[in-house]
Each structure stands twice: as C-alpha cells, then as structure tokens.
Novice: 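Before I ask anything, let me first share the structure, which is written out below as structure tokens.
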Amino acid sequence: MTHEINFDGLVGPTHNYAALAVGNLASAAHGMTVSNPKEAALQGLAKMKFMMDLGVKQGVLPPHERPFVPALRNLGFSGNDAEIVERAQQDAPLLLRACSSASAMWAANSAVVSPSSDTADGKVHFTAANMATQLHRAIEAEFTSRVLQRFFADQGYFAHHEPLYCNMQLSDEGAANHMRLAASHGESGIEIFVYGKKALAPGVLPAKFPARQTFEASDAIARLHQLSPARTFFIQQSPAAIDAGAFHNDVVAVSNENVLLYHASAYVQDISKYFPGMHLIKVSEEQVPLADAIRSYLFNSQLVTLRDGGMVLICPSECEEIASTREYLKTVPTSTSPIHSCHFIDVRQSMKNGGGPACLRLRVVLNDEQMGALHQRALLTPPVYDQLVRWVHAHYRDKLHPDELGDPKLLEETRAALDDLSNILQLGSIYDFQKR
Ligand code: SUG
C-alpha cells in the first residue's frame with residue numbers, strides 16, 4: 001500500500017509581516033502590520049487536524065530557530081545573543097527581519113521529493129531547496145536538510161542530496177515548482193518541473209518580478225533524482241503570470257494523481273496535449289480572471305485523494321469571498337468530475353504573507369516499508385495534535401510587529417518554545433542554540 005503524507009510546516013513563534021518577499025503581492029500589501037503568531041500556528045494546526053480527520057496522513061515539520069543568531073554573527077554582529085539581536089534591530093533592522101522570518105512554515109518550498117516508483121535506484125529522493133532568490137528563505141536550506149535527514153534517516157530507503165549551490169542561476173524553490181502525475185500515488189509517474197527562466201540561455205523573462213526557479217536548478221534535480229528523461233517534463237511559467245503575482249507555480253496550478261487543475265495563463269506552452277491519459281482541467285480567464293486566482297489562491301488549494309478514491313479540494317476561505325472563484329467552485333464537483341467536494345479552510349494569517357493551504361505542506365509518497373522507517377513522531381495523531389495546541393497556547397504571542405524582533409525576550413521565548421517542541425516531536429538537540 002502507498003500513502004501520500006502531507007507534511008505541514010508548523011508556524012514559528014516569530015510569524016510576522018515584514019514585506020520581505022519579492023513578487024508576492026500579499027506580502028507587500030501587509031508589510032509592517034501586526035501579525036498574530038498564536039492564531040497563525042493554531043490555524044495551521046486546525047488545517048492539519050482537518051486533513052487528519054479526513055483520513056489523509058498528516059506530518060509535521062518543526063519551525064526553524066528565529067531570530068537566527070548564527071546568520072547575524074556571519075553578518076558581522078558580535079556579543080552575546082541578546083546583544084546581537086538588539087544591535088541588529090538598531091543598526092540593520094532589515095537584516096534582522098530577514099533573519100527572523102517564520103517563512104519555513106511554507107513547507108512546499110522546502111524540497112523536491114521524488115517517490116521511489118519514479119527513481120532508477122528505487123529510493124525516495126530529497127533535495128532541500130536553496131531558495132537563492134531571497135536571503136530570508138536561503139537561510140532555511142541547512143536546517144531543512146537536517147530535519148529531512150532526521151525524519152527520513154534510513155539510507156536503505158531514502159537518498160538526500162545537498163541543496164544546489166546557493167546561486168541565482170541555480171535558484172530553486174522546491175515542490176512549489178514541481179508536480180507529479182500518475183495513475184495513482186504508488187505507480188510510476190510523470191514528474192513536471194516548472195521553471196521561471198533559463199539562467200544560462202536566452203529566453204523570455206518577466207519584466208517586473210524575478211523568476212524564482214531556474215531551468216538549470218530543475219534540470220539538475222531531475223538528474224540527481226535519477227528520473228527517467230522520458231517521464232520528466234520541463235515547462236515554463238508564463239512571464240506575464242509571474243509579473244501578475246504568480247511567483248510560484250503552485251499559485252496557478254495543482255496536481256494530484258491523474259488530475260491537473262491549472263489556469264489558462266499559467267504557462268508559456270500549451271500543455272493541454274502533453275499528458276495523454278491524464279485528466280487536465282484548464283480554468284479559463286473568463287471563468288476565473290488571473291488576478292482573482294492570485295487574490296483567492298484558488299490553485300493553492302490542496303487536492304487530495306480520500307480512502308474511497310474520490311478527490312477533495314481544500315480551498316482557502318478567500319475563495320468563498322471572491323465572486324468568480326465562488327461561482328467556479330460550484331461547478332467543480334459534478335457527476336463526471338474526479339473532484340467530489342470542495343472544503344474551505346481559514347489560514348488567513350498565512351495568506352496575508354502569500355501562503356495558502358498548499359504552500360504550507362510538502363507531499364511525500366511512501367510505501368508501507370518506507371512509512372515504517374520514518375521518524376514516527378513526525379506524524380500527526382490526535383494526542384500529538386492536542387499537545388501541539390497546548391504548546392502554542394503556552395508559548396506564542398498574539399501580537400507581533402516587525403519592530404519587536406530585536407526584543408531579547410522574544411529570543412528567549414522562541415528558544416523555550418523550540419526546546420519544548422524538540423521533546424514533543426522527539427527531535428533530540430536539533431537546533432543550533434541547543435548545541436552551543
Ligand atoms: O516565499 N512569503 C513566502 C510565501 C511562500 C508561499 N509558498 C508557496 N507558494 N509555495 C514567499 O514569498 C513573506 C515573508 C514576509 O514578507 O514577512 C514570504 O516569505
């Protein structure tokens with residue numbers, strides 16, 4: 001038996017709105033407003049519980065240590081840790097913000113994962129994303145690798161690759177730009193890499209915002225993961241869609257097993273004939289204007305298969321509030337559609353930073369044996385869920401402004417929280433601050 005597990009990034013205690021993300025309209029719109037880290041973490045957990053209650057396997061990825069003092073030391077700050085955050089707040093608040101983001105919550109960006117049925121050596125392959133385009137995300141790669149290697153430790157089943165060199169020409173944003181089509185999760189599939197530009201060759205480019213995923217990065221990952229070239233596709237995001245705010249592919253497309261739901265403006269190529277035998281659902285500009293798709297994050301819904309084989313679409317609540325997406329979604333579950341129902345979920349704290357339901361999760365397909373080799377505490381169960389909710393209530397603030405990131409008390413609070421979490425998830429001393 002094969003399972004798809006959705007590993008969600010647990011929202012960290014420094015969740016804040018610092019307008020750090022290029023090409024991400026929601027992040028720019030909410031920059032320097034007050035966030036609610038407690039609510040954000042509880043919304044994320046409620047989504048995980050909703051999935052678990054649907055019978056979908058659910059995993060948890062721990063937040064990263066933020067503010068990340070080792071990065072501030074690397075950037076020239078010295079003294080004890082409290083002095084460092086205070087000085088950074090005073091002298092370089094923009095750097096402190098970049099070193100304090102809870103952005104690892106968007107686990108879709110953390111890695112590309114290829115199931116063993118697609119790889120030549122029959123192992124599950126992982127490449128943690130370098131996220132070279134932006135400092136606040138590039139500092140995630142090392143800890144992401146550490147966690148993935150801890151969770152998927154058995155080298156008999158799992159192969160881990162170093163993040164690609166952290167260079168703009170190899171910029172990689174993980175599974176947000178990677179899709180898979182297969183008759184079912186367990187069968188050999190087609191892996192689709194979606195890139196924004198070729199960095200080493202001429203081509204069409206967005207004019208306003210950066211293309212965050214390069215072809216060169218996608219191509220390298222396909223090689224590292226030992227994918228069959230005949231079953232690997234590279235398609236280009238439309239530069240106009242990137243300029244309109246579709247900074248990742250998963251803002252304009254979502255796939256699950258044999259279904260691909262995508263916006264007509266998503267790609268440079270017309271992909272409608274690329275995948276014979278697969279169920280492609282193209283949403284036209286008339287049905288849902290691209291601007292509404294980006295505002296609502298319709299395509300950042302999670303599309304998952306339930307035990308009865310039917311698929312459900314888990315949409316952000318914003319889709320109910322925008323007329324075109326609300327009307328479109330009424331037409332989705334028809335008698336002939338593979339999608340049997342749509343549910344709405346409130347992840348507004350994350351949405352205000354441009355992260356919808358699908359951004360918050362990394363999909364990993366495992367068979368029973370591989371499941372047995374997984375770090376078992378990485379899986380959400382009702383008791384672990386209850387413990388995590390209590391943990392959030394005990395440690396998280398309900399208000400945070402980016403100007404408060406230099407507060408040494410916040411550093412203490414986040415470390416106390418992560419210490420407790422390491423016990424709940426049985427991680428050992430995984431954080432840098434626990435080793436010093
Ligand atoms: O990289 N936002 C993230 C959102 C990532 C969404 N992920 C997917 N589409 N898979 C980003 O743009 C905002 C941080 C801030 O502005 O404080 C941010 O990093």
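In each ligand, atom 1 is the first atom listed, and ligand 1 is the first ligand listed. We're numbering straight along the sequence, starting at 1.
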Novice: Go through the side-chain N and O atoms of Thr414 and Glu65 and say whether any donor and acceptor fall under 3.5 Å apart.
Specialist: no
Novice: Using a 4.0 Å cutoff against the non-hydrogen atoms of Ala21, which atoms of ligand 1 qualify?
Specialist: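 Contacts of ligand 1 toward Ala21, numbered from 1: 2 (N), 11 (C), 12 (O), 13 (C), 16 (O), 18 (C), 19 (O).
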Novice: Can you name the atoms of ligand 1, numbered from 1 with element, that are less than 4.0 Å from a heavy atom of His248?
Specialist: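 Near His248, the atoms of ligand 1 are 7 (N), 8 (C), 9 (N), 10 (N).
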Novice: Could you point out which residue of Phe152, Trp106, Phe126 forms a ring-ring contact (aromatic ring centres under 6.0 Å, His included) with Phe7?
Specialist: Phe152
Novice: For the side chain of Arg231 and the backbone of Ser228, is there at least one donor-acceptor N/O pair under 3.5 Å apart?
Specialist: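 No; zero donor-acceptor contacts below 3.5 Å.
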Novice: Does an N or O anywhere in Asn353 fall below 3.5 Å from an N or O of ligand 1?
Specialist: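 Yes, Asn353 has an N/O under 3.5 Å of an N/O on ligand 1.
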Novice: Between the side chains of Ser35 and Asn16, is a donor N or O closer than 3.5 angstrom to an acceptor N or O?
Specialist: no
Novice: Mark yes or no for whether Asn300, through its side chain, and Cys359, through its backbone, hold a donor-acceptor pair below 3.5 Å.
Specialist: yes
Novice: Do Asp8 and Lys47 sit within salt-bridge range, that is, some charged N less than 4.0 Å from a carboxylate O?
Specialist: yes
Novice: Measure Ala108 to ligand 1 on non-hydrogen atoms and call it side chain, backbone, both or neither using the 4.0 Å cut-off.
Specialist: side chain
Novice: Is the charged tip of Arg146 near the ring of Phe143: under 6.0 Å from the six-membered ring centre and within 45° of its axis?
Specialist: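 Ring-cation test returns no.
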Novice: Below 4.0 Å from any atom of ligand 1, is there a heavy atom belonging to Arg212?
Specialist: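 Yes, that is the case, since the closest heavy atom of the residue is under 4.0 Å from the ligand.
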Novice: Looking at Ala176, which atoms of ligand 1 are within less than 4.0 Å of one of its heavy atoms?
Specialist: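 By the 4.0 Å cutoff, the relevant atoms are 10 (N).
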Novice: Would a distance-only check, ignoring hydrogens and angles, find a side-chain to backbone donor-acceptor pair under 3.5 Å from Thr144 to Ala128?
Specialist: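 Checked: no pair found.
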Novice: Within the 4.0 Å heavy-atom shell around Asn109, which atoms of ligand 1 are there?
Specialist: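 Near Asn109, the atoms of ligand 1 are 5 (C), 6 (C), 7 (N), 8 (C), 10 (N).
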Novice: Report the part of Arg97 in contact with ligand 1, treating N, CA, C, O as backbone and CB onward as side chain, heavy atoms under 4.0 Å; options are side chain, backbone, both, neither.
Specialist: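 No part of Arg97 is near ligand 1 at this cut-off.
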Novice: Return the closest protein heavy atom for atom 8 (C) of ligand 1 as residue, atom name and distance.
Specialist: Cys359 SG, 2.8 Å
Novice: Is the shortest distance from a heavy atom of Asn16 to ligand 1 less than 4.0 Å?
Specialist: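 A heavy atom of Asn16 does come that close to ligand 1.
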Novice: Determine whether the side chain, the backbone, both or neither of Ala19 has a heavy atom under 4.0 Å from any heavy atom of ligand 1.
Specialist: backbone
Novice: Does Ala175 offer a backbone N or O that forms a donor-acceptor pair with the side chain of His248 under 3.5 Å?
Specialist: no
Novice: Going from OG on Ser103 to CG on Asn353, what distance comes out if it is rounded to the nearest 0.5 angstrom?
Specialist: 8.5 Å
Novice: What atoms of ligand 1 come closer than 4.0 angstrom to any heavy atom of Ser27?
Specialist: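 Contacts of ligand 1 toward Ser27, numbered from 1: 13 (C), 15 (C), 16 (O).
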Novice: Answer with side chain, backbone, both or neither: which part of Asn24 has a heavy atom less than 4.0 angstrom from an atom of ligand 1?
Specialist: side chain
Novice: Using a 4.0 Å heavy-atom cut-off, which part of Glu173 comes near ligand 1: side chain, backbone, both, or neither?
Specialist: neither
Novice: What about Asn300: any of its N or O atoms under 3.5 Å from an N or O on ligand 1?
Specialist: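 By distance alone, the answer is no.
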Novice: For ligand 1, which is the ligand I care about here, please tell me if Asp250 has any N or O atom under 3.5 Å from one of the ligand's N or O atoms.
Specialist: yes
Novice: Would you tabulate the side-chain donor-acceptor contacts of residues 85-93 under 3.5 Å, counting partners in other chains and residues two or more places apart, or write 'none'?
Specialist:
from	atom 1	to	atom 2	distance (Å)
Arg87	NH1	Ser78	O	2.8
Gln89	OE1	Gly406	N	3.0

Novice: When you measure from the side chain of Gln236 to the backbone N and O of Val204, does any donor-acceptor pair fall under 3.5 Å?
Specialist: yes
Novice: Can you report which non-hydrogen protein atom sits closest to atom 19 (O) of ligand 1, along with the distance?
Specialist: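 Scanning the protein heavy atoms, the shortest distance from atom 19 (O) of ligand 1 goes to His136 NE2, 2.7 Å.
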Novice: Just need the protein heavy atom nearest to atom 17 (O) of ligand 1, so name the residue and atom and give the distance.
Specialist: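 I find the closest protein heavy atom is Ala18 N, 3.0 Å.
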Novice: Atom OG of Ser188 and atom CD of Glu191: how far apart are they, to the nearest 0.5 Å?
Specialist: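 Answer rounded to 0.5 Å: 9.0 Å.
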Novice: When you compare ligand 1 with Gly355, is there at least one nitrogen or oxygen pair between them that comes in under 3.5 angstrom?
Specialist: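 Min N/O separation from ligand 1 is not below 3.5 Å for Gly355.
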Novice: Indicate yes or no: does an N/O atom of Leu20 lie under 3.5 Å from an N/O atom of ligand 1?
Specialist: yes
Novice: Near Gly354, which atoms of ligand 1 are under 4.0 Å from a heavy atom of that residue?
Specialist: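 Heavy-atom distances to Gly354 below 4.0 Å select 4 (C), 6 (C).
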